[in-house]
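So that the names make sense, note that chain A is the first sequence line, chain B the second, and so on, each numbered from 1. No hydrogens, no waters, no symmetry mates; every other heavy atom, side chains included, goes into these values.
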Number of protein chains: 2
Amino acid sequence: MGFFSKTCEYAMRAVIYIAVRSQEGQRTGIREIAENINSPEHFLAKILQKLSQQGLVLSIKGPHGGFYIDAPGLQRPMADIITALEGNELFTGCGMGLSYCSENNPCPLHEDFKIVRNQITSMLYKTTIGEFNREHLNGKLTLNK
Amino acid sequence: MGFFSKTCEYAMRAVIYIAVRSQEGQRTGIREIAENINSPEHFLAKILQKLSQQGLVLSIKGPHGGFYIDAPGLQRPMADIITALEGNELFTGCGMGLSYCSENNPCPLHEDFKIVRNQITSMLYKTTIGEFNREHLNGKLTLNK
DNA sequence: TTAATAAAAGATAAATTTGTCCTTTATTTG
DNA sequence: CAAATAAAGGACAAATTTATCTTTTATTAA
């Protein structure tokens, strides 16, 4: 059980990769992205299709086409990727899966879990899609293994 | 996407329920547990089978048999439930699913994610299986909806 | 305007998780 | 001992997630 689903993992890696390439003024094809983030190409295509439909990434068909992200897009938080693909259950749901868990009706882990959830939420909202650049990837950061 | 898998959700709820009943000196059958934590009975049976094999819960067959947890068992951390069922990927894995992500080779979310993971880890290790009792369940706490 | 390129879209398949059912084994009680 | 009880275990089925393959549509460039 990974923390995020494969779908979200691939999506985050892909979007960061596209963001880096976009800041270099390049559009990127699926092949290149999949190779660089180590994901199944066709599965990733489906994911990017969804993100594209929701306007999280932009795309152009045909020669020299590919995916890219514009300046406003680069300012959006990582959280938007998760939300676009799986809604906001991660940010709101009960840790033990109880639908009526709430302040008034808490599960045993409610209080502690609130802290964890807030931490995740703030991590994903404060980190923007565009805050990683080529230097990061040329340094210690990695996306593909 | 829930935070934990259904398996872990049911397991945590079931173990807490068994712990409460054990502290009342009672063994509990699968039927009763499933009803009280709102889980599919047979699926839960499989889960408890695994937890029983690993010694996390104890069981006795036949009339007046059922599941229970002894005093040392009640002292164990909730984390043991997760580990018993799915290993410790949750406590060690990279948020973006990268196998070689580490201090020397971090993914873009590495630093923030470390904080989140530590919080989860400490939540699950500091909370013991036996720390909830009937008063909790009769109060605001809930396990079944 | 034709050929090549690349994403969009649809169909299908494999793998995993979740859920159900049935038989066997162990234990208790009458 | 026989009948009843309850977990253990095995087989199977449904649902979801992950992955693959093929066709269509849009765009570019020769």
Side-chain angles (χ1 to χ4, degrees), chain A residues 1-15 17-18 21-22 26-35 37-69 82 85-87 89-90 96-97, chain B residues 1-15 17-18 21-22 26-35 37-69 82 85-87 89-90 96-97:
Chain A
M1 179 184 61
F3 189 86
F4 294 106
S5 64
K6 284 288 168 199
T7 295
C8 285
E9 285 180 2
Y10 296 150
M12 290 189 290
R13 278 143 62 184
V15 167
Y17 184 79
I18 296 169
R21 296 291 281 137
S22 294
Q26 302 291 317
R27 287 194 280 268
T28 324
I30 284 196
R31 179 92 42 88
E32 179 189 333
I33 303 169
E35 276 165 10
I37 71 164
N38 188 30
S39 75
E41 182 181 328
H42 297 283
F43 187 51
L44 180 62
K46 290 292 177 202
I47 296 170
L48 289 180
Q49 221 178 89
K50 262 188 214 156
L51 294 179
S52 172
Q53 285 160 355
Q54 312 227 16
L56 239 138
V57 302
L58 305 173
S59 72
I60 289 185
K61 287 183 181 178
H64 303 119
F67 295 92
Y68 66 103
I69 302 173
I82 312 297
L85 295 170
E86 327 205 311
E89 193 189 337
L90 182 67
M96 300 182 70
Chain B
M1 180 183 61
F3 189 86
F4 294 107
S5 64
K6 285 288 168 199
T7 295
C8 285
E9 285 180 2
Y10 295 150
M12 290 189 289
R13 277 144 62 182
V15 167
Y17 184 80
I18 295 168
R21 296 291 281 139
S22 293
Q26 301 293 317
R27 286 195 280 269
T28 324
I30 284 196
R31 179 92 41 90
E32 179 188 334
I33 302 169
E35 277 166 10
I37 71 164
N38 188 30
S39 76
E41 182 181 329
H42 297 282
F43 187 51
L44 180 62
K46 291 291 177 201
I47 296 170
L48 290 180
Q49 221 178 89
K50 263 189 213 156
L51 293 179
S52 172
Q53 285 162 353
Q54 312 228 16
L56 239 138
V57 301
L58 306 172
S59 71
I60 290 185
K61 288 182 181 178
H64 302 119
F67 295 91
Y68 66 104
I69 302 172
I82 311 297
L85 295 171
E86 327 206 312
E89 195 189 336
L90 183 66
M96 299 182 68

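Distance A:K6 NZ to D:dT20 P: 13 Å, rounded to the nearest Å. Atom pair A:L44:CG and C:dA8:P shows a separation of 11 Å (rounding to whole Å applied). The separation between A:E86 atom CD and D:dT17 atom P is 8 Å, rounded to whole Å. Here C:dG19 presents its P atom at 13 Å from NZ of B:K50, a figure rounded to the nearest Å. Separating the CG atom of B:L58 from the P atom of C:dA26 is a distance of 18 Å, rounded to the nearest angstrom. Residue A:I47 contributes atom CD1, which lies 13 Å from atom P of D:dT17 at whole-angstrom precision. Atom-to-atom, CD of A:E32 to C1' of C:dA7 comes out at 15 Å; the value is rounded to the nearest Å. For A:L85 and D:dT16, the CG to P distance is 18 Å, given to the nearest whole Å.
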Scan nucleotides 3-12 of chain D nucleotide by nucleotide, 5' to 3', and note B when protein non-hydrogen atoms come under 4.0 Å of the base, S if they reach only the sugar-phosphate, - if neither. -BBBBSBBB-

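Judged as a salt bridge (Lys or Arg N to Asp or Glu O under 4.0 Å), the pairs with a partner in residues 4-14 of chain A (not counting sequence neighbours) are, in order, A:K6-A:E9.
Contacts of B:E35 classified as salt bridge (charged side-chain N to carboxylate O under 4.0 Å, His left out), with partners at least two apart in sequence or in another chain: none. The salt bridge (charged side-chain N to carboxylate O under 4.0 Å, His left out) search around B:K61 returns none, not counting sequence neighbours. Every residue two or more places apart in sequence or in another chain that forms a salt bridge (charged side-chain N to carboxylate O under 4.0 Å, His left out) with A:R21 is listed here: A:E24, A:E32.
Phosphate proximity of D:dT18 to A:T7: present, with a side-chain N or O under 4.0 Å from OP1 or OP2. Between A:Y10 and D:dT18 there is no side-chain polar atom (N or O) within less than 4.0 angstrom of OP1 or OP2.
The SG atom of A:C8 sits 8.0 Å away from the CG atom of A:L90 when rounded to the nearest 0.5 Å.
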Going by atom type alone, with no hydrogens or angles, which donor-acceptor pairs under 3.5 Å involve a side-chain atom of residues 48-58 of chain B and a protein atom two or more places apart or on another chain?
unit_1	atom_1	unit_2	atom_2	d
B:Q54	NE2	B:A84	O	2.9

